Amino acid sequence: MHDDRVSPLPSGSRFPGLRRRGFLAATGAATLGAFPLAACGGSGDGGDPRTGGTPRRGGRLRAAFAGGGASETLDPHRANLFADAARAKALFDKLADYGPGLAARPRLAERWEPNGTLDRWQVTLREAVFHDGRPVTAEDVLHSYRRIADPREAFRAKASLEPVDLDASRATGPRSVEFVLKRPTAEFPNVMAAFGAYIVPAHAGDFDGGPVGSGPFRFVSFAPGRSAVFRRFDDHWDGAPYLDEVEFVVANEESARVNALLGGQVEYAHELNPTTARAHEGKGQIDVVRLRNSAMQAFCMKTDRPPFDDVRVRRAFFLIADREELVDAALSGAGETGNDLFGKGYEYYADGLPQREQDLEQARFLLRRAGAEDLRVTLDTSAVAAGFTEAASVFRDQAKRAGVTVDVRMGSKDSYWSDILDGGTLCCYRSGAMPIESHISQRLLTGSTTNATHWRHRDFDALYRQAQSTRDTKDRAAVYGRMQRRLHAEGGFLVWGFADWIIGTARTVRGVEANAPANTLDWARFDKVWLA
């Protein structure tokens, strides 16, 4: 899957636990109109839903997510959906996790230190315990990583752990691990923070009937595809949650999540679309929280086949795009313009490059130089992600003004991500939050397995290796800057925008952090949320 945010399945809505009468009343209350966009993240009285009084303990928060049906699991290494990730975060911990700028922050790892050649890292664990009272040890860490790397399994974090030689890595004490790497890796903390790289007890077996983790909540009950209830863990190393309990309920359709929130049957609704947010923001019923820079929105050009094997054509397409129009039309204004680079606002982002603007005259000139005056291309899209079909239509009209005919082809929601990896020449694309280093290593190196633009350049690969073997952060940032300047000039990603990820909450909910792109540490931090 190349949409590296954790994405919900497009199955039908199920919302067990809601009385039918109450649900129908909520449905009737949710009449969406064309309201003007209010100030971002604000509540009806101008207050901030992240603050408001002294935190208080108690209560159960009910959070609605899209789910995965009867196949859902609490095994954190199998997490693939947003609901899976939120439940895993409540029950388990990782050694590190990503801050708002996508730099790794310590979690179960109290500190880490590399050797001089960046191919061995000493990690010291903080004093933490599992829900059964056992201490979290180095052996638990090694067991967890070796389980993830099992060649018979397809755990999500397996690719992220590839740089680690787990046979050579060893415990050097009860709370210390020496990780031996296959090559110098300056960004090894990103490996520890990788999605799905949770630490489980060495004796862990049944993850669905009564999982034991070291997270802020402990298991109470789980009905796959229906609900999960977790209770506060008072001995959590980062402090006990304010809530007594959190309940995760399944509502696959966005309308069901919104209606349940409006009807008072849940207090937290994950993944609202921009139209819904616009309809309810500032109206006094609910609070809307926008997680900025959560999703890169792009068109992906195959750089190894006509017409995009000619850099002049790629540069022409960069100049065809009116990014503001795309953000306004495809995202209903719920985002900001891109500059043909991933990771706006993240660590190492090359924000000094000039913002690219539409220039149809220069685009036509480049196409003439490339012998492509009457160019006709097929743009693959799908309803697999919000805004994809709208973006395709808008770009088709923009290209027409440059003399380019774009034929929009609709793909299957079920197979779109695999179809576009090697097929076609131009497609709609998105990606969730990850470090810029991870984006490069997973998508832009010659051997990257999700290299959708087919960008393969040995000298670019060498720059990545140079960055990874550079100990000084400023010097490493300079190498990443060189790589991004080249991508900006001739890469295959036409990055036109960055979408907000939108959360709806009841007005009693406090502590929801807005400076938290989806999949980062402070996203779905229910241990820091309280009910006013």
Side-chain angles (χ1 to χ4, degrees), residues 1-17 62-92 94 97-98 148 153-160 194-198 200 207-208 211 213 215 217 219 221-230 246-258 260 266 268-273 291 294-295 382-386 388 413-418 430-434 450 499 501-504 516-521 523-526:
M1 186 175 70
H2 310 294
D3 174 12
D4 287 282
R5 277 186 312 189
V6 203
S7 299
L9 298 177
S11 52
S13 175
R14 296 183 63 192
F15 210 111
R62 296 162 296 178
F65 284 77
S71 63
E72 286 182 348
T73 177
L74 296 182
D75 185 338
H77 299 157
R78 299 188 189 280
N80 192 48
L81 309 175
F82 276 121
D84 297 333
R87 290 186 295 243
K89 177 176 290 189
L91 289 175
F92 301 92
K94 295 189 286 186
D97 211 338
Y98 300 125
I148 293 169
E153 297 285 357
F155 293 127
R156 182 72 179 261
K158 180 187 291 187
S160 298
F195 180 81
Y198 288 97
V200 302
F207 284 98
D208 294 339
F217 294 91
F219 175 83
S221 65
F222 176 52
R226 297 169 61 87
S227 69
V229 177
F230 305 149
V246 59
E247 180 180 8
F248 297 88
V249 293
V250 171
N252 285 331
E253 297 299 331
E254 190 253 8
S255 59
R257 297 192 295 276
V258 173
V266 301
Y268 181 103
H270 188 254
E271 194 182 2
L272 274 57
N273 66 46
L291 311 183
S294 285
S382 170
V384 70
F388 269 26
K413 290 195 294 184
D414 295 329
S415 61
Y416 180 77
W417 297 113
S418 57
R430 79 173 183 181
S431 169
M434 63 172 60
T450 55
W501 200 249
I502 305 175
I503 308 297
N519 289 353
T520 59
L521 170 62
W523 166 81
R525 283 292 302 277
F526 295 118

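The analysis underlying the following values was restricted to heavy atoms, covering all of them including side chains, and did not include hydrogens, waters or symmetry mates. Just so we're clear, the structure is a prediction, and the values are computed from it rather than from any experiment.
- Side-chain contact between M434 and Y98 is absent, with no heavy-atom pair separated by less than 4.5 Å.
- Counting heavy atoms from C-beta on, the side chains of P517 and L291 never come closer than 4.5 Å.
- Once rounded to the nearest 0.5 Å, the distance linking CG of N519 with CH2 of W501 reads 9.0 Å.
- Minimum interatomic distance between T520 and A433 (heavy atoms only, all atoms of both residues): CG2-CB, 4.3 Å.
- Every residue meeting the side-chain hydrogen bond (donor to acceptor under 3.5 Å, both in side chains) condition with H77, not counting sequence neighbours, appears here in chain and number order: R147.
- Residue L91 comes nearest to P211 through the heavy atom pair CD1-CG, 4.0 Å, listed as atom of the first residue, atom of the second, then distance.
- Residues satisfying the side-chain hydrogen bond (donor to acceptor under 3.5 Å, both in side chains) criterion with S221, sequence neighbours excluded, are absent altogether.
- A pairwise comparison of heavy atoms in G196 and A157 identifies C-CB, 3.8 Å as the closest pair.
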| query | For F65 and L81, what are the C-alpha separation, side-chain angles and deciding distance, and is it a side-chain contact (heavy atoms from CB on, under 4.5 Å)? | reply | CA-CA 9 Å; F65 284 77; L81 309 175; over 6 Å; no
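- By the 4.5 Å heavy-atom criterion applied to side chains, Y268 and V246 are not counted as neighbours.
- Residues passing the side-chain hydrogen bond (donor to acceptor under 3.5 Å, both in side chains) test with S382, sequence neighbours excluded: none.
- A distance of 6.0 Å separates OG1 in T73 from CZ in F222, rounded to the nearest 0.5 Å.
- Across all non-hydrogen atoms, the minimal contact from S227 to V249 is CB-CG1, 4.2 Å.
- For E72 (side chain) and G225 (main-chain N/O), a donor-acceptor pair under 3.5 Å exists by modelled atom type.
- For the pair D75/F155, a side-chain contact is recorded, criterion being any heavy-atom separation below 4.5 Å from C-beta on.
- For F230, the ring-ring contact (aromatic ring centres under 6.0 Å, His included) partners at least two apart in sequence or on another chain are F248.
- Minimum heavy-atom separation, F195 to A79: CE2-O, 3.3 Å.
- Checking side-chain atoms of K89 against main-chain N and O of L521 turns up a donor-acceptor pair under 3.5 Å.
- Partners of A386 by side chain to side chain contact (heavy atoms under 4.5 Å, CB included), not counting sequence neighbours: none found.
- Using a 4.5 Å heavy-atom cutoff, the side chains of D84 and R78 are not in contact.
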| request: List the steps and the verdict of side-chain contact (heavy atoms from CB on, under 4.5 Å) for V200 and F207. | output: CA-CA 10 Å; V200 302; F207 284 98; 3.8 Å; yes
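- Remark: K94 pairs with D97 by the side-chain hydrogen bond (donor to acceptor under 3.5 Å, both in side chains) rule, at least two apart or across chains.
- The two residues A228 and R87 have their closest heavy-atom pair at CB-CD, 3.9 Å.
- Ring orientation note: the planes of W523 and H270 are nearly perpendicular, at an angle over 60° on the 30°/60° scale.
- Side-chain atoms of R257 come within 3.5 Å of backbone N or O of A251 as a donor-acceptor pair.
- Side chain of E271 to main chain of A66: no donor-acceptor pair is present (N/O by atom type, distance under 3.5 Å, no hydrogens or angles).
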| task | I would like to know whether V229 and E247 meet side-chain contact (heavy atoms from CB on, under 4.5 Å); could you show each step before the answer? | result | CA-CA 4 Å; V229 177; E247 180 180 8; 3.8 Å; yes
